[in-house]
Amino acid sequence: MASHRPFPADDFGVYYILAECADYDSLPESKTQPHFQGVTGLRNLGNTCYVNAILQCLCSVSPLVEYFLSGKYITALKKDCSEVTTAFAYLMTDMWLGDSDCVSPEIFLSAVGSLYPAFLKKTQQDAQEFLIYVLNELHEALKKNCRRRANEKRTDQSCCRKVPACETSIITRLFEGQLSYSITCLKCESCTHKNEVFTILSLPIPSEYECSLQDCLQCFFQQDTLTWSNQIHCSFCEIKQEAAVRTSISKVPKIIVFHLKRFDIQGTVKRKLRTDIRYPLTNLDLTPYICPVFRKHPKYNLCAVVNHFGDLDSGHYTAFCKNSVTQAWYSFDDTRVSEIPDTSVQTATAYLLFYSCQPFSIPTQKCKSQDSTPDHCKQAIRKWP
């Protein structure tokens with residue numbers, strides 16, 4: 001049992017101390033350090049650090065980057081073309097193939113903001129919410145319908161992303177998983193099952209001081225009892241009854257994203273849990289939480305982290321990402337980019353954790369002399385200066 005200790009010092013203040021030290025240490029090397037693919041800073045356009053942190057993490061997911069660099073996305077785009085998806089593709093190209101140490105996400109943010117104006121207000125937003133919107137827009141633009149197999153069982157239509165299960169895209173192939181809920185009536189002991197699609201797992205934090213990622217996972221997957229107002233209607237008893245609910249993973253994604261629920265709002269009271277959560281960089285074992293018949297994937301390795309400093313109303317986001325070219329970890333703080341040792345990836349400010357079940361290879365690009373981008377896609381991008 002962990003001993004109780006005082007809360008850590010305000011992490012927003014710690015951020016400024018670390019940033020100043022990082023800047024000082026990196027100055028002598030700034031002119032000689034080579035520019036690697038995928039190691040590119042992003043300009044802050046006014047409280048857009050949450051945008052930059054998410055983009056850096058997505059930029060570190062090599063299978064996603066390769067899909068755009070190779071031009072495969074072009075044939076999947078709908079006829080009317082998606083401005084968000086096209087802008088995302090151009091930005092990934094600049095970050096991986098450009099010669100600049102820093103680029104601007106302005107075109108991409110403008111495209112997203114035209115659909116979700118809140119992201120153009122230049123106020124702090126939640127990085128996790130921004131990630132959800134981006135993944136959803138990419139999926140909507142690139143999805144295609146696939147026929148069900150004759151022997152494929154229909155699953156429950158209740159899911160967190162309300163789209164038919166037969167729609168697939170690069171997003172579903174990489175990020176989409178499925179939870180299975182086993183619901184047992186405590187009166188007649190009848191059991192029913194429900195499935196829910198997810199792209200991000202929001203994990204509760206069981207301690208205010210320190211815990212491990214496994215502690216958070218165990219808390220999420222522990223059996224719950226539904227009583228009083230939470231009782232369910234039992235189709236066998238034909239009335240509401242108390243029930244036990246057990247959750248497991250019936251489909252594991254290739255990239256699993258964990259959202260650590262640090263922000264707690266109860267009425268008018270807001271607070272941030274500054275719990276020091278220990279998470280492994282390699283060999284994360286999800287076997288205890290996966291349905292036995294679906295335990296096919298190996299253990300997971302960390303590939304990116306989104307950090308949050310400060311509180312709900314004012315703060316700052318940064319990212320740690322592992323580069324598939326150099327196999328080194330880098331810290332991305334808007335335009336400030338620096339290589340960091342593995343030992344620095346573990347921090348008490350982690351907010352989002354990206355894990356992959358397979359190692360990343362270097363993304364393959366299409367031939368530069370062949371620009372097969374449709375004219376309507378080019379026109380969508382030219383709308384912004």
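Since the model is a prediction, treat every value here as computed from it, not as a measurement. We're numbering straight along the sequence, starting at 1.
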- Sequence neighbours left out, what passes side-chain contact (heavy atoms from CB on, under 4.5 Å) with Gln241? Give chain and number order. Cys185, Lys187, Cys234, Cys237, Ile239
- Please check if atom NZ in Lys251 has more than 12 non-hydrogen atoms from other residues, nucleotides or ligands closer than 6.0 Å. yes
- Item | With sequence neighbours excluded, residues passing side-chain hydrogen bond (donor to acceptor under 3.5 Å, both in side chains) with Ser182 | none
- Message: Test of understanding: with side-chain contact (heavy atoms from CB on, under 4.5 Å), list the residues that count as partners of Ser202, not counting sequence neighbours.
- Response: Gln128, His259, Lys261
Show every donor-acceptor pair shorter than 3.5 Å between a side-chain atom in residues 44-59 and any protein atom, with sequence neighbours excluded, or say none if there are none.
unit_1: Asn44; atom_1: OD1; unit_2: Gly46; atom_2: N; d: 2.8
unit_1: Asn44; atom_1: OD1; unit_2: Asn47; atom_2: N; d: 3.0
unit_1: Asn44; atom_1: OD1; unit_2: Thr48; atom_2: N; d: 3.2
unit_1: Asn44; atom_1: OD1; unit_2: Thr48; atom_2: OG1; d: 3.3
unit_1: Asn44; atom_1: ND2; unit_2: Asp334; atom_2: OD2; d: 2.9
unit_1: Asn47; atom_1: ND2; unit_2: Lys122; atom_2: O; d: 2.9
unit_1: Thr48; atom_1: OG1; unit_2: Leu45; atom_2: N; d: 2.8
unit_1: Asn52; atom_1: ND2; unit_2: Leu42; atom_2: O; d: 3.4
unit_1: Asn52; atom_1: ND2; unit_2: Arg43; atom_2: O; d: 3.3
unit_1: Asn52; atom_1: ND2; unit_2: Asp334; atom_2: OD1; d: 2.8
unit_1: Gln56; atom_1: NE2; unit_2: Thr40; atom_2: O; d: 2.7

Only pairs under 3.5 Å count here: list side-chain donor-acceptor contacts from residues 217-230, not counting sequence neighbours, and write none if there are none.
unit_1: Gln223; atom_1: OE1; unit_2: Arg246; atom_2: NH2; d: 3.3

- With sequence neighbours excluded, residues passing side-chain hydrogen bond (donor to acceptor under 3.5 Å, both in side chains) with Ser180: none
- Item | Contacts of type side-chain contact (heavy atoms from CB on, under 4.5 Å), residue Asp99, not counting sequence neighbours | none
- Run the ring pair (Phe, Tyr, Trp, His ring centres under 6.0 Å) check on Phe130 and Tyr116 step by step: do they pass? CA-CA 10 Å; Phe130 183 74; Tyr116 307 102; 9.0 Å; no
- Message: So for atom CD, which belongs to Gln327, do other residues, nucleotides or ligands contribute more than 12 heavy atoms lying within a distance under 6.0 Å?
- Response: yes
- Item | side-chain contact (heavy atoms from CB on, under 4.5 Å) partners for Ser331, two or more places apart | Phe320, Ser338, Ile340
- Task: For Thr184, check side-chain hydrogen bond (donor to acceptor under 3.5 Å, both in side chains) against everything at least two apart and list the hits.
- Result: none
- Item | Contacts of type ring pair (Phe, Tyr, Trp, His ring centres under 6.0 Å), residue Phe263, not counting sequence neighbours | His308, Tyr351
- Residue set satisfying side-chain hydrogen bond (donor to acceptor under 3.5 Å, both in side chains) with Tyr279, at least two apart, ordered chain then number -> none
- Item | Pair Phe198 and Phe175, ring centroids less than 6.0 Å apart | no
- Message: Using the salt bridge (charged side-chain N to carboxylate O under 4.0 Å, His left out) criterion, which residues pair with Asp264? Sequence neighbours excluded.
- Response: Arg271
